[in-house]
Trainee: 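Submitted below is the structure of interest, expressed as structure tokens.
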Amino acid sequence: MATAAGSSSAAVPFWRAAGMTYITYSNICASLVRSCLKEPYKSEAASREKVHFAVTKWVSGKPEKPTIRSDSPED
């Protein structure tokens with residue numbers, strides 16, 4: 001059996017061997033699960049899919065005012 005790393009005999013997760021990060025793999029899996037759901041569960045899952053986060057830039061070792069972002073997945 002050939003390994004993804006060539007001569008390495010260490011086990012490599014398949015998502016890493018495919019060149020993905022775990023977050024990317026996890027997002028793909030979650031998207032597939034949500035697409036398989038039936039109503040009303042599908043709409044409930046879609047409402048939880050929204051992401052809110054803050055971005056803070058640091059200048060000269062001090063944080064500036066954070067920017068609040070709200071991203072939702074593309075349809």
Side-chain angles (χ1 to χ4, degrees):
M1 182 171 145
T3 61
S7 63
S8 175
S9 62
V12 177
F14 67 90
W15 49 267
R16 176 75 66 197
M20 287 190 261
T21 64
Y22 181 75
I23 297 297
T24 303
Y25 163 72
S26 177
N27 286 338
I28 291 169
C29 291
S31 177
L32 289 171
V33 169
R34 285 190 296 269
S35 69
C36 293
L37 293 174
K38 294 181 180 179
E39 290 298 337
Y41 307 109
K42 191 173 206 171
S43 58
E44 289 175 15
S47 69
R48 290 190 303 263
E49 199 172 352
K50 296 180 178 106
V51 178
H52 305 282
F53 58 95
V55 177
T56 304
K57 291 185 179 182
W58 289 70
V59 177
S60 301
K62 296 185 181 185
E64 292 183 343
K65 184 178 178 184
T67 303
I68 307 298
R69 302 252 342 241
S70 178
D71 290 345
S72 58
E74 299 168 4
D75 292 326

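What you are looking at is a predicted structure, and each value in this text was computed from that prediction instead of being measured. All residue numbers in this chain count up from 1 along the given sequence.
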Trainee: Give me the ring orientation class for Tyr25 and Phe14: parallel if the planes are under 30° apart, tilted from 30 to 60°, perpendicular past 60°.
Mentor: perpendicular
Trainee: Give me the atom names and distance for the closest heavy-atom approach of Thr56 to Pro66.
Mentor: OG1-CB, 3.3 Å
Trainee: When rounded to the nearest 0.5 angstrom, what distance separates NZ in Lys65 from NZ in Lys57?
Mentor: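 These two atoms lie 14.0 Å from each other.
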Trainee: Between Met20 and Tyr22, is there a shared hydrophobic cluster once you connect ILVMFWY residues whose side-chain heavy atoms come closer than 4.5 Å?
Mentor: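 Same hydrophobic cluster.
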Trainee: What are the two closest heavy atoms between Ala45 and Leu37, and how far apart are they?
Mentor: CB-CD1, 3.8 Å
Trainee: Return the CG to OG distance between Leu32 and Ser35, rounded to the nearest 0.5 Å.
Mentor: 5.5 Å
